[in-house]
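Report on one structure; see the data block that follows.
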Amino acid sequence: SERLDAVYLIYTVLVSHLQYTDKEEVVLWMNTVGPYHNRQETYKYFSLPFCAGSKKTISHYHETLGEALQGVELEFSGLDIKFKEEVMQTTYCEIELDKAKRDAFVYAIKNHYWYQMYIDDLPIWGIVGEADENGEDHYLWTYKKLEIGFNGNRIVDVNLTSEGKVKLVPNTRIAMSYSVKWKKSDVKFEDRFDKYLDPSFFQHRIHWFSIFNSFMMVIFLVGLVSMILMRTLRKDYARYSKEEEMDDMDRDLGDEYGWKQVHGDVFRPSSHPLIFSSLIGSGCQIFSVSLIVIIVAIVEDLYTERGSMLSTAIFVYAATSPVNGYFGGSLYAKQGGRRWIKQMFIGAFMIPAMVCGTAFFINFIAIYYHASRAIPFGTMVAVCCICFFVILPLNLVGTILGRNLSGQPNFPCRVNAVPRPIPEKKWFMEPAVIVCLGGILPFGSIFIEMYFIFTSFWAYKIYYVYGFMMLVLVILCIVTVCVTIVCTYFLLNAEDYRWQWTSFLSAASTAVYVYMYSFYYYFFKTKMYGLFQTSFYFGYMAVFSTALGIMCGAVGYMGTSAFVRKIYTNVKID
């Protein structure tokens with residue numbers, strides 16, 4: 001009968017967001033507990049000495065890969081709740097409060113521990129207890145007063161009121177009680193998550209103003225790039241045409257300078273082509289994933305399902321692996337690379353290795369803390385299987401297609417056998433300076449949005465304005481391409497043909513500014529503390545910043561590559 005109860009309860013959960021009949025069982029799941037200021041530092045609810053109800057329990061489970069990775073630890077509360085059946089205040093268990101249990105509760109109250117529960121996928125938060133003004137006496141909330149709203153035969157609203165403040169005194173018994181009140185609600189089932197959103201925060205005038213400001217920057221930059229480059233290039237073409245009409249003696253005596261002089265080296269393969277092409281392929285894939293996930297999030301409300309955003313991102317990343325192989329493989333072939341299998345492996349595993357390496361390091365700390373964020377071994381195996389049996393084969397398909405369809409080096413100019421010496425130039429035209437300055441404008445176009453994204457991830461806000469995010473992604477790409485084109489034009493005009501890495505790194509330097517901003521956000525906008533939360537924050541911010549940098553670098557390179565090809569196609573070369 002215990003097995004039947006377990007099967008029935010799992011079935012109840014799986015159909016919980018469908019429809020209920022009167023007096024049908026409604027499951028209250030206890031999820032996690034942890035300090036309010038450290039959102040990611042969570043522990044199993046029953047790691048604190050709470051007691052469970054008398055109903056038969058079932059083992060906790062993970063519905064999805066995203067839930068497992070996000071540390072969701074659902075455990076059955078044991079409370080007897082039935083649809084539309086009210087429950088007056090009822091004691092469901094008693095805590096034998098010895099000194100160890102009292103110390104555990106006191107520690108939790110001092111650190112402002114909150115807990116999370118779920119009814120029909122709707123989250124509920126409650127506070128463990130509170131201290132008096134002097135901080136000497138500590139009190140536990142013992143009475144969970146649940147008010148559940150229903151519309152027809154569906155649950156659309158849940159509210160929790162914590163009452164029954166009891167002083168924590170060793171060697172006493174504390175009775176834990178609950179009550180359930182059902183009320184009719186006009187909230188539609190589709191709109192039941194609206195109460196968790198915060199329009200006053202996300203749709204604040206500052207948010208709109210920042211988008212408008214970024215658009216103005218885009219218009220200004222595009223106008224500037226168009227005006228400068230069109231006028232300058234027209235003059236360059238006119239000058240080069242005049243030079244074509246001169247005889248050899250006049251040309252030798254003439255003062256030759258500019259980007260035309262490096263036509264024999266501009267399409268020379270970049271240094272370290274294997275790493276470079278792998279970075280470009282990975283960046284194109286990250287851009288594809290970002291675009292698709294944002295579109296899916298706009299169409300579907302992913303925030304209504306636990307772990308659905310992460311699950312979607314993993315699925316889309318695996319499915320877009322051919323993009324990585326195609327762009328990385330074709331670029332490597334164009335640059336004359338011969339070790340294409342090695343390039344494919346590096347391209348396929350570059351991002352997964354970075355993410356998994358960081359997660360593995362943080363996992364050790366999570367295991368030491370006994371935190372719910374410790375990733376189970378089975379989940380690690382599942383992620384490895386995705387890498388080896390989905391990402392790698394799809395990457396191979398993309399690489400073969402890329403090499404065969406667009407792997408021919410069809411450059412508009414021949415590459416000279418001997419590299420041209422690079423003349424001396426002003427210090428501010430050096431690639432290192434261009435790289436450092438290149439990321440300032442792209443960062444300036446996104447840093448307000450970074451604040452909203454950081455707040456939704458590191459604080460208790462649900463990000464739902466994905467239309468804003470899409471606009472910011474478009475703005476970021478346009479600004480990045482404009483900046484890298486201008487930087488590359490000045491570099492080539494100084495007769496320095498090392499534009500591939502310069503264009504990639506000048507766009508990728510945006511990531512350095514984002515990571516520096518994350519330090520400001522940590523110290524001035526949050527109250528996080530402790531080794532686990534700090535490691536989690538800076539570890540995953542490094543992953544986020546690196547991925548953003550690789551994406552920006554790839555976008556910058558692709559735009560600049562098209563520009564370079566265009567200007568050298570239009571000029572007559574002897």
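The figures here come from the full heavy-atom set of this structure, side chains too, leaving out hydrogens, waters and symmetry mates.
With salt bridges taken as basic N to acidic carboxylate O contacts below 4.0 Å, none links R102 and D98. Using a cutoff of 4.0 Å between basic side-chain nitrogens and carboxylate oxygens, E130 and K165 are scored as salt-bridged. Looking at D157 and K195, a side-chain N of the basic residue comes within less than 4.0 Å of a carboxylate O on the acidic one, giving a salt bridge.
Aromatic ring orientation, Y36 versus Y460: parallel (interplanar angle below 30°, classes split at 30° and 60°). Ring geometry, Y463 versus Y466: the interplanar angle exceeds 60°, so the pair is classed perpendicular (tilted spans 30 to 60°). The aromatic rings of F349 and F388 sit tilted relative to each other, their planes meeting at an angle between 30° and 60°. Classification of the Y303-Y464 ring pair by plane angle, with boundaries at 30° and 60°, yields perpendicular. The aromatic rings of F468 and W208 stand perpendicular to each other, their planes meeting at an angle above 60°, with 30° marking the opposite boundary. Using a 30° and 60° split on the angle between ring planes, Y521 and Y517 fall in the tilted class, from 30° to 60°.
Within the structure, side chain to side chain donor-acceptor pair (under 3.5 Å) contacts touching residues 350-378 (residues at least two apart or in different chains) are T42-S372.
Heavy-atom neighbours of I295 CD1 from other residues, nucleotides or ligands within 6.0 Å: above the threshold of 12. For K167, the NZ atom sits in a loose shell: 12 or fewer heavy atoms of surrounding residues, nucleotides or ligands are nearer than 6.0 Å. Annotation for E163: atom CD counts as buried by contact number, over 12 foreign heavy atoms lying within 6.0 Å.
Ring pair F50/Y45: centre-to-centre distance below 6.0 Å. Two rings, from F360 and F364, have their centers less than 6.0 Å apart. Residues Y540 and F457 place their aromatic rings such that the two centres sit no closer than 6.0 Å. Taking the ring centroids of F538 and Y522, they lie under the 6.0 Å cut-off. Taking the six-membered ring wherever Trp is involved, the centroid distance between the rings of H207 and F452 falls below 6.0 Å.
Expressed to the nearest 0.5 Å, how far CG of L168 lies from NZ of K101 amounts to 12.5 Å. For the atom pair CD1 of I375 and SG of C356, the computed distance is 8.0 Å after rounding to the nearest 0.5 Å. Of the inter-residue distances, the one linking C387 atom SG with N395 atom CG reads 11.0 Å to the nearest 0.5 angstrom. Remark: F150 CZ to K84 NZ distance equals 5.0 Å, nearest 0.5 Å.
Panel note: side chain Y196, backbone P123; a donor-acceptor pair is recorded below 3.5 Å.
When each of L79, V27, V180, I124 is paired with I119, the side-chain contact (heavy atoms from CB on, under 4.5 Å) condition holds for I124 and for no other.
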Can you list the steps and then say if W458 with Y537 is a ring-ring contact (aromatic ring centres under 6.0 Å, His included)?
CA-CA 8 Å; W458 301 111; Y537 179 87; 4.7 Å; yes

